[in-house]
Amino acid sequence: MEVTVRLQNVTKKIKNKTIIDDLSFDVFGGEIFGFLGPNGAGKTTTIRMIVGLMKLSDGDVFICGDSIKHSFEKAIGHVGAIVENPEMYKYLTGYDNLKHYARMSPGVEKSRIDEVIELVGLKARIHDKVKTYSLGMRQRLGLAQALLHKPKVLILDEPTNGLDPQGIREIRDYLKELSRNEGMTVIVSSHLLSEMEMMCDRFCIIQNGKLIDIQNTHEEEAETTAKMLQVQVDPVKKACKLIADTFPDYHPEVVDGALRLQVTYDLIPEVIKLLVMGDCAVYGVETVTISLEEKFLQITGAGGQIQ
């Protein structure tokens, strides 16, 4: 797959304190890439460096092969972005804001302005002044502005901030459409882990300015892969002891009244047979998919909180 965004040994130091420490990863064309990190991890700082709002101390960022350090105008020409909150001229209408931005982007015609207005669902209010817009409406207008010049890379910091559930779903569906049908690369950060799970193809986690892990959001597991097994069983404490004594490498625990343990697929029948033969009543067995929230807490520790 084509690499559209590459961070190469990106480092940021402020007053001899390392904020971002040798960060490297690739983002591919046509994927939605999630960017996660606990509070103060350096997530927003990294995004600001990618779009040139903050200078790199070391390393480089390549966008569609062009270097932010050496070919900034060419590199940033591939990018549309909302970093933190979109800023608009509040005394102008939404339409006039888009017209003003279009003048700074060669090749943007009136038909394109009308197209993005329709796409983000602002047609009914586009001729009202921005000062009358809700936070969610300003977020939609910011997204329309970022899309005007048909960027190859879209970078969004908290894109669903202030939107109602319907608006969140509409933005999510539209971002998926952009990545699937137009091959646009989308890099998105959010504190809504459930939303990231539904939206992203892959995600990375940074902590204390360092890359901790990159994972696929929905990994297909082979039958030999360890799976999280949940068993509704009674008595559950006796069941835990039976498994711990028979399979010392496994570490069963009780979660919400059910027995949970990570076990390979081929051993699931043996575990159930052990419980039944040990006079434990088994009422239900299921494999549990580990959510993005659980993955995040496993990687960062239970105290990790998203920005």
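For reference, positions follow the sequence shown, starting with 1. As a basis for the values below, the full set of heavy atoms in this structure was taken, side chains included, without hydrogen atoms, waters or symmetry mates.
- The closest donor-acceptor contact from the side chain of Asp66 to the backbone of Phe62 lies at 3.5 Å or more, if one exists at all.
- In the hydrophobic clustering of ILVMFWY residues, with side-chain heavy atoms under 4.5 Å counting as a link, Leu275 and Val255 come out apart.
- Looking at heavy atoms from C-beta onward, Leu119 lies out of side-chain contact with Leu147 at the 4.5 angstrom threshold.
- Distance alone, capped at 3.5 Å, is enough to place a donor-acceptor pair between the Thr132 side chain and the Lys129 backbone.
- Residues Met104 and Leu98 fall within the same hydrophobic cluster, defined by Ile, Leu, Val, Met, Phe, Trp and Tyr side chains chained together at heavy-atom separations under 4.5 Å.
- Neither Leu92 nor Leu135 shares a network with the other; the hydrophobic side chains, linked directly or stepwise wherever heavy atoms of I, L, V, M, F, W or Y lie under 4.5 Å apart, form separate groups for each.
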- Message: Could you go through Leu259 and Gln230, starting from their C-alpha distance and side-chain angles, then the distance that decides it, and tell me whether this counts as side-chain contact (heavy atoms from CB on, under 4.5 Å)?
- Response: CA-CA 6 Å; Leu259 185 149; Gln230 180 167 291; over 6 Å; no
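- Between the side chain of Arg6 and the backbone N or O of Gly65 there is no donor-acceptor pair closer than 3.5 Å.
- Listed for the Ser179 side chain is no donor-acceptor partner under 3.5 Å among the backbone atoms of Thr185.
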List the steps, then state whether salt bridge (charged side-chain N to carboxylate O under 4.0 Å, His left out) holds for Glu115 with Arg112. CA-CA 5 Å; Glu115 183 183 351; Arg112 178 59 180 172; 3.2 Å; yes
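- A salt bridge between Glu182 and Lys150 is absent, with no side-chain N of the basic residue lying under 4.0 Å from a carboxylate O of the acidic one.
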Starting from the C-alpha separation in whole Å, work towards a yes-or-no answer on side chain to side chain donor-acceptor pair (under 3.5 Å) for Asp21 and Thr18. CA-CA 6 Å; Asp21 189 0; Thr18 301; 5.7 Å; no
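- Remark: the backbone N or O of Leu56 is not paired with any side-chain donor or acceptor of Lys13 at under 3.5 angstrom.
- Judged by distance alone, the side chain of Asp234 and the main-chain N or O of Ala281 form no donor-acceptor pair under 3.5 Å.
- Between Arg180 and Asp173 there is no salt bridge, since no side-chain N of the basic residue sits under 4.0 Å from a carboxylate O of the acidic one.
- Residues Ile19 and Lys17 have side chains in contact (heavy-atom distance under 4.5 Å, counting atoms from C-beta outward).
- In this structure, the side chains of Phe28 and Thr4 stay at 4.5 Å or more apart for every pair of heavy atoms.
- Here Phe25 and Phe33 bring their ring centres to under 6.0 angstrom of each other.
- Asp114 and Ser111 share no side-chain donor-acceptor pair at under 3.5 Å.
- Hydrophobic clustering places Phe72 together with Val79 (ILVMFWY residues linked when any side-chain heavy atoms are closer than 4.5 Å, directly or through intermediates).
- Heavy atoms only, all atoms of each residue included: Asp245 and Pro248 are closest at O-CD, 4.3 Å.
- Counting heavy atoms from C-beta outward, Ile113 and Tyr95 have side chains that approach closer than 4.5 Å.
- For Ala258 against Val236, the heavy-atom pair with the smallest separation is C-CG2, 4.2 Å.
- Using a 4.5 Å heavy-atom cutoff, the side chains of Asp22 and Lys210 are not in contact.
- At a threshold of 4.0 Å, the pair Arg125-Asp128 counts as salt-bridged, since one of the basic side-chain nitrogens sits closer than that to a carboxylate oxygen.
- Proximity of Val10 to Asp60: side-chain heavy atoms (C-beta onward) are nowhere separated by under 4.5 Å.
- Taken to the nearest 0.5 Å, the SG atom of Cys204 stands 8.5 Å off from the CG atom of Leu7.
- Counting only heavy atoms from C-beta outward, the side chains of Ile155 and Val83 never approach each other to under 4.5 Å.
- Between Ile68 and Met49, the shortest heavy-atom contact is CG2-O, 4.3 Å.
- Around NZ of Lys238, the count of heavy atoms belonging to other residues, nucleotides or ligands within 6.0 Å exceeds 12.
- With a 4.5 Å cut-off on side-chain heavy atoms, Thr93 and Val130 do not count as touching.
- Across all non-hydrogen atoms, the minimal contact from Pro235 to Cys280 is O-SG, 4.2 Å.
- Distance alone, capped at 3.5 Å, places no donor-acceptor pair between the Lys12 side chain and the Thr45 backbone.
- Between Ala81 and Val51 the shortest heavy-atom distance is CB-CG1, 4.0 Å.
- Contact detail for Val254 and Cys240: the closest heavy-atom pair is CG2-SG, 3.8 Å.
- Under the 3.5 Å distance criterion, the side-chain polar atoms of Arg140 are matched with a main-chain donor or acceptor of Val120.
- Judged by distance alone, the side chain of Ser105 and the main-chain N or O of Val108 form no donor-acceptor pair under 3.5 Å.
- Between Glu253 and Arg260, no side-chain nitrogen of the basic residue sits less than 4.0 Å from a carboxylate oxygen of the acidic one, so the salt-bridge criterion is not met.
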